[in-house]
Amino acid sequence: MEYTIIDNSRPDRQHLISDPELWDKFDYYMKCLKDKGIYIVMDSVTGLSARDFQPADNVIGGDFYFHHRPWAYYDPYLKELGKKYMKDLLTHVNKYTGKAIIDEPAVAMMMIINEQSAFFDWGASRKNKDRYTPDHYKKLLSALFSKCLKNKYGSTVLLAKAWGNALSENESLENGDIIAEDPMQKSPAKHRDYIAFLKDLQTDYYREMKAELEKLGLKVPLAGTNIIYDIAELDTHSVMDYTSQNEYFDHAKFANAKMTVMMQNQPLVKVNPLSGKDMIEPGIAAVKLSSMPVTSTESDAMWPHEWRCAYLPSLASSSALQDWDAIMQFAYMGWYTWDDAEKTTKILSPTTEFNDPAIFGTFPAAALIYHRRDVAASKNKVEILYNEEERLEFSEGTGLRTARFPFNYLPYVSRVETTLSTKPEKSSSFVLAASKPEAANSMEYSLKNTVSDKINLARSLDKQMKDAGLIAGDRGLQDGRIVSDTGEITRDWKNGQLIINSARTQGISGFLGKGENKLNDAVIKSSNLFVTVILSSLDGKDLKESGKVLLTTVGRAENDKDRVSYIDTIKEPCGTWNEKMTVERSREGRILTEKIDSEIKLNAKSVKMTALKGDMSAAAPAIVFNAVDGMVTVKTGSIPSVWYLLEIER
């Protein structure tokens, strides 16, 4: 949004657009969303996530103020710019609704800043870090750190004694120049002090900005940011209203002005969740606090990943199992305009989904799984307790984005929530804690081995939950599979299948093989190598009784003019796929969608099948399939589509 409503005609980037025509488009778009019943999330209401600062803005190091810089958390000038932007934007009155944005009931949630943390500087992690971090910010942070330490220790002598050899001869509290960095291995004491300092810094920032928004009339839940690295940082979000974590599967990498796209291209359904490799669910699960809602404002398995049609069924079913509060797809339009969308015949970019059949084709079925809770919430709640010592933990090894134990297991089996306390809640079925808690079912574990021994820890937890009667013997970990405690979701990484088997939604995504795949109320078969086939009841009845069903059949989709190459080819009994993919993007081309030849057997007298267009109108005359020996076999190959309406006579 910062790109579209900041006035780029001015020498600075501190004023919103003045062109009435541009405001009219913005207002009308907001009004149309509202008319369609679409709620709005205002991300980065400070406008400090990607501001394209110019020399006239007088921002020190403005040339290097790109995404993920921490400076806004402690620089007074940047704070004031953020407050000005909030006031200018949120007090703007929409000409079509007559309401200021701060008073608009269609605005459901807000977030202070996008993917930025006081704990981590992506710019400083680059090779020439001194070039990317001006001395101004280093000195400012050191002065704040020194002030914090002076309040605690009083003198440099006492500080040096506490830190051991972590203090250099040139540093002193009196001069306010204690270096603000984290030498964890050299001095655990300095590590704890530094993390405690960052916690206070970020917490104070959230409180300050929240108070500013409340002055403007804030009425909706507010979050801090949507990328959370570790437990210490998670603790700072307890002063907010909800937590959020942006997560991607196999995020695209770019070269040559983004005309070259590179990906690992491993099928999601072939990943063993216990390994934790590149999965989406662990990072979201890790920031779910028991006292607060959780969301992900960005998630995706991007084009050109060839197996991405499994992503939305996977995330939707896990999100329903976990009973998460809001999951958002990034993105519908990406960085393009409506004019671009109307002209294009190809998939424009990895984060532009409106015309990607492999993603948008699965959207209706995924929405029913999640919003209607066709996949039930877990029967159990496993609670993680973090004590005071662990709440000063910040390291890549035990981070909340590493899919460490227990987040390599629980998101697929039972609900998992975190409590920043040493006392468990009464509603918990099982408790994980560093020291044995007062709970009937519990397991001791240490953060130190949650990465290195995560597979064995997951197996141990699985056994203990089964021994406690929380998980049936045929659920949880099986041979090459993991089954939810409800029995409705199976992840079979050996055969490369995601199986959803609930009362109102049943389907398979992955390598279906040559044989029949039996579900509770349907048998699915396909000649395609990789496919997503899902049956969704549309009349609220269980599938076995439903008279109106949406059949989704989605495979692979690509642009015909792009040049694709691979480094590795993997061959397994379930199928062959290519890994380490590079796509040279063409400026021309059109979308090719794989035709799905599938057969679905249903217990019925007859089925009338209507292939659907993108607007859900009929694409061709209906075909009627009649029963043979009490079973109807529906075949999709003769009229290719991603969606079919099945009208069933029982």
Side-chain angles (χ1 to χ4, degrees), residues 1-6 16-17 19-47 49-50 85-115 213 216-223 226 241-242 244 246 293 295-300 312 315-316 319 324-344 348-349 351-356 359-368 370-372 614-616:
M1 186 169 62
E2 296 158 25
Y3 294 110
T4 58
I5 63 171
I6 287 181
L16 300 189
I17 52 176
D19 187 336
E21 184 178 347
L22 293 177
W23 269 123
D24 184 83
K25 289 181 178 180
F26 178 87
D27 290 345
Y28 186 68
Y29 178 60
M30 296 275 281
K31 179 255 186 193
C32 289
L33 291 174
K34 182 179 181 179
D35 288 347
K36 293 290 185 180
I38 298 172
Y39 285 96
I40 299 161
V41 177
M42 305 293 292
D43 190 355
S44 191
V45 292
T46 57
S49 296
Y85 180 91
M86 289 193 299
K87 182 178 180 181
D88 292 347
L89 173 64
L90 299 179
T91 58
H92 167 74
V93 177
N94 187 309
K95 63 179 287 187
Y96 292 100
T97 67
K99 292 183 178 296
I101 293 176
I102 195 73
D103 298 320
E104 176 54 66
V107 174
M109 303 156 66
M110 292 187 186
M111 184 171 292
I112 292 173
I113 199 163
N114 181 73
E115 290 194 353
L213 287 165
L216 295 174
L218 177 70
K219 300 175 181 66
V220 299
L222 179 70
N226 44 13
D241 300 315
Y242 67 97
S244 185
N246 291 352
T295 184
S296 176
T297 52
E298 293 182 26
S299 64
D300 200 1
L312 270 176
L315 180 59
S319 300
W324 289 336
D325 300 276
I327 301 295
M328 302 174 204
Q329 170 70 28
F330 189 85
Y332 182 80
M333 193 66 76
W335 314 111
Y336 297 93
T337 67
W338 294 113
D339 290 339
D340 295 325
E342 291 175 358
K343 293 175 184 177
T344 189
L348 290 167
S349 74
T351 56
T352 302
E353 309 290 15
F354 76 96
N355 65 343
D356 180 359
I359 293 293
F360 233 71
T362 60
F363 217 93
L368 290 170
Y370 178 68
H371 288 289
R372 198 169 63 177
D615 62 0
M616 293 295 183

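Numbering starts at 1 and runs along the sequence shown.
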Pairwise side-chain contact, [X] with [Y], heavy-atom cut-off 4.5 Å (strictly under):
| X | Y | answer |
| --- | --- | --- |
| Y336 | S349 | yes |
| W335 | T351 | yes |
| P105 | K34 | yes |
| T97 | M30 | no |
| I101 | D103 | no |
| Y370 | L312 | no |
| L90 | L213 | yes |

Test item: [X] side-chain N/O and [Y] main-chain N/O as donor-acceptor pair under 3.5 Å:
| X | Y | value |
| --- | --- | --- |
| Y39 | M109 | no |
| T46 | I112 | yes |
| T344 | D340 | no |

Considering all heavy atoms of both residues, which atom of [X] and which atom of [Y] are nearest to each other, and what is their separation?
| X | Y | value |
| --- | --- | --- |
| S296 | S244 | CA-OG, 3.9 Å |
| D27 | K95 | OD2-N, 3.3 Å |
| M42 | I40 | SD-CG2, 3.8 Å |
| I113 | S49 | CG1-OG, 3.6 Å |
| Y332 | F360 | CE1-CZ, 3.5 Å |
| T295 | I327 | OG1-N, 4.2 Å |

If we check side-chain hydrogen bond (donor to acceptor under 3.5 Å, both in side chains) with T297, which of these qualifies: N246, D43, N114? N246
Taking atom [atom1] of [X] and atom [atom2] of [Y], what is their separation to the nearest 0.5 Å?
| X | Y | atom1 | atom2 | value |
| --- | --- | --- | --- | --- |
| L216 | I102 | CG | CD1 | 5.5 Å |
| K99 | K31 | NZ | NZ | 15.0 Å |
| T352 | I359 | OG1 | CD1 | 12.0 Å |
| Y85 | L16 | OH | CG | 6.5 Å |
| L218 | M110 | CG | CE | 6.0 Å |

Are there over 12 heavy-atom neighbours, none belonging to Y29, within less than 6.0 Å of that residue's OH? no
Please indicate whether Y96 has more than 12 foreign heavy atoms, meaning atoms of other residues, nucleotides or ligands, lying under 6.0 Å from its OH. yes
Are a donor atom and an acceptor atom from the side chains of D300 and Q329 found within less than 3.5 Å of each other? yes
For E104 and N94, which I'm curious about, is there any donor-acceptor pair between the side chains at under 3.5 Å? no
Give me the ring orientation class for H92 and F26: parallel if the planes are under 30° apart, tilted from 30 to 60°, perpendicular past 60°. perpendicular
For a side chain to side chain contact (heavy atoms under 4.5 Å, CB included) check, start with the C-alpha distance between K25 and D19, then their side-chain angles and the critical distance, and finish with the verdict. CA-CA 10 Å; K25 289 181 178 180; D19 187 336; over 6 Å; no
Going by the rule ring pair (Phe, Tyr, Trp, His ring centres under 6.0 Å), which residues pair with F330 if we only count those two or more places apart in sequence or in a different chain? none
